[in-house]
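Reckoned from all heavy atoms, side chains included, excluding hydrogens, waters and symmetry mates. Below, chains carry the letters A, B, ... as their sequence lines are ordered, and counting in each starts from 1.
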Number of protein chains: 2
Amino acid sequence: MLNEKFDRYSFILDQTAKKVKQFAQSSFTEKGFDITVDQWAVLKALYENEQLSQKELAKRCGKDQPTLTRIVDILLKKGLAERFIDETDRRSLYLHLTEEGKLKVASLSPIVAEIRMKAWEKLTEKDFEDFTRILNTIYHNLNA
Amino acid sequence: MLNEKFDRYSFILDQTAKKVKQFAQSSFTEKGFDITVDQWAVLKALYENEQLSQKELAKRCGKDQPTLTRIVDILLKKGLAERFIDETDRRSLYLHLTEEGKLKVASLSPIVAEIRMKAWEKLTEKDFEDFTRILNTIYHNLNA
DNA sequence: TAAATATATTTGTCATACTAAATATTTGTA
DNA sequence: TACAAATATTTAGTATGACAAATATATTTA
């Protein structure tokens with residue numbers, strides 16, 4: 001393959017990832033959700049799987065531990081989650097959502113799903129499959 | 001299309017964009033390049049087009065103006081670029097690379113091109129075309 | 001069992017992203 | 001021409017991302 005063509009794929013990739021996040025964030029803000037997209041990702045992961053340790057949660061959300069710690073700090077301040085020491089391994093902390101946190105996820109989920117679909121207008125199922133396959137391949141090529 | 005399938009495309013997109021950046025950054029660091037990937041993007045844009053105003057440069061690099069200002073500040077500190085007032089419009093600043101900056105871009109360019117190819121192993125030209133087409137479509141769907 | 005090693009989390013530092021507000025300058029308009 | 005509006009840049013504040021180092025606790029090993 002010609003090298004020159006690849007000049008800017010990482011630029012387009014980066015810009016599109018940013019745009020997806022921006023679009024979601026501005027929809028959140030517009031609807032008065034009062035959380036960031038990253039905070040949403042953590043809330044959603046917790047909603048689907050309570051009792052995760054912070055380490056497991058970080059992995060599921062694709063975030064490193066320092067970043068996760070700070071996002072969780074914010075969720076605590078907002079009263080959406082609580083942190084507990086795991087008595088079987090006192091190094092570990094586990095988390096669960098407060099009632100308010102659960103309500104927030106339940107009420108936002110359908111709206112988030114809607115927001116997500118906007119990106120796929122004018123694209124086909126095949127496009128979606130190709131897209132995720134290619135992204136996964138790139139990821140694994142660079143993860144060796 | 002079924003909504004559920006789209007659950008995590010933004011996650012994969014985000015993780016892959018991060019991985020591409022990390023891979024490039026660790027290659028830079030390993031080779032002792034002493035710049036970040038974002039600083040590289042700005043240097044490259046300047047190399048290909050001197051006399052850009054900061055505003056134009058920001059646009060070309062896909063960065064907002066405050067971010068660009070800070071990246072440029074770092075490039076100045078590193079002695080890679082210089083900033084000048086545009087006397088035809090004293091609000092504007094334009095930039096150009098120092099000799100050291102030009103040398104840096106010239107010497108890094110081929111290595112960066114190599115790094116970039118790694119992502120495309122096991123993928124075809126058609127994949128590349130589909131990928132960029134889909135990314136562009138998503139971008140424009142969300143940019144309206 | 002004491003010491004070394006490993007693990008989970010946090011803290012610190014720097015770089016980047018986004019928003020809003022401040023500053024300087026220019027342009028448009030009454 | 002004076003004033004209002006627009007534009008280019010910077011500054012400030014908050015959130016996130018990456019990486020290194022610090023802390024506390026567990027596990028392994030001599």
Contact summary for A/Asp38 and A/Lys63, nearest pair of heavy atoms: OD1-NZ, 2.7 Å

Members of residues 88-97 of chain B that approach DNA chain D, where some heavy atom sits under 4.0 Å away: B/Arg91, B/Ser92, B/Leu93

Under 3.5 Å donor-acceptor pairs involving side-chain atoms of residues 100-113 of chain B, not counting sequence neighbours:
| from | atom 1 | to | atom 2 | distance (Å) |
| --- | --- | --- | --- | --- |
| B/Lys104 | NZ | B/Phe33 | O | 2.9 |
| B/Ser107 | OG | B/Leu103 | O | 3.1 |
| B/Ser107 | OG | B/Lys104 | O | 3.2 |
| B/Ser109 | OG | B/Val105 | O | 2.8 |

Contact nearer the 5' end of DNA chain C, comparing A/Ser53 with B/Lys63: A/Ser53

Contacts of A/Thr69 that satisfy side-chain hydrogen bond (donor to acceptor under 3.5 Å, both in side chains) - sequence neighbours left out: none

Please write out each protein N/O paired with an N/O of nucleotides 1-4 of chain D under 3.5 Å, distance rounded to 0.1 Å.
none

B/Arg116 CZ to B/Lys118 NZ distance, which is reported to the nearest 0.5 Å: 16.0 Å

side-chain hydrogen bond (donor to acceptor under 3.5 Å, both in side chains) partners for B/Gln51, two or more places apart: none

Under the ring pair (Phe, Tyr, Trp, His ring centres under 6.0 Å) test, residues paired with A/His140 that sit two or more places apart: none

Ring pair (Phe, Tyr, Trp, His ring centres under 6.0 Å) against B/Phe23, all qualifying residues, sequence neighbours excluded: none

Within residues 12-38 of chain A, residues whose heavy atoms come under 4.0 Å of DNA chain D: A/Thr36, A/Asp38

A/Lys78, NZ: over 12 other non-hydrogen atoms inside 6.0 angstrom: yes

Test side-chain hydrogen bond (donor to acceptor under 3.5 Å, both in side chains) applied to A/Asp89 - qualifying residues, sequence neighbours left out: A/Arg91

Nearest-0.5 Å distance, CG of residue A/Leu46 to CG of residue A/Leu57: 5.0 Å

Atom pair CG (A/Leu13) and CZ (B/Phe131), whose distance is rounded to the nearest 0.5 Å: 4.5 Å

Minimum-distance pair of heavy atoms, taken over all atoms of A/Leu123 and B/Arg133: CD2-NH1, 4.0 Å

B/Lys55 NZ to B/Arg60 CZ distance, which is reported to the nearest 0.5 Å: 13.5 Å

Gap between atoms CD and C1', on A/Gln65 and D/dT16 respectively (whole Å): 16 Å

Exceeds 12 heavy-atom contacts within 6.0 angstrom, atom NZ of A/Lys18: yes

All ring pair (Phe, Tyr, Trp, His ring centres under 6.0 Å) counterparts of B/Tyr47, not counting sequence neighbours: none

Complement of D/dA30, any strand, by Watson-Crick or G-U distances under 3.5 angstrom: C/dT1

DNA chain C contacts made by residues 67-87 of chain A, counting heavy atoms under 4.0 Å: A/Thr69, A/Arg70, A/Arg83

Start and end of chain A contact along DNA chain C [non-hydrogen atoms, under 4.0 Å]: C/dA6 to C/dC18

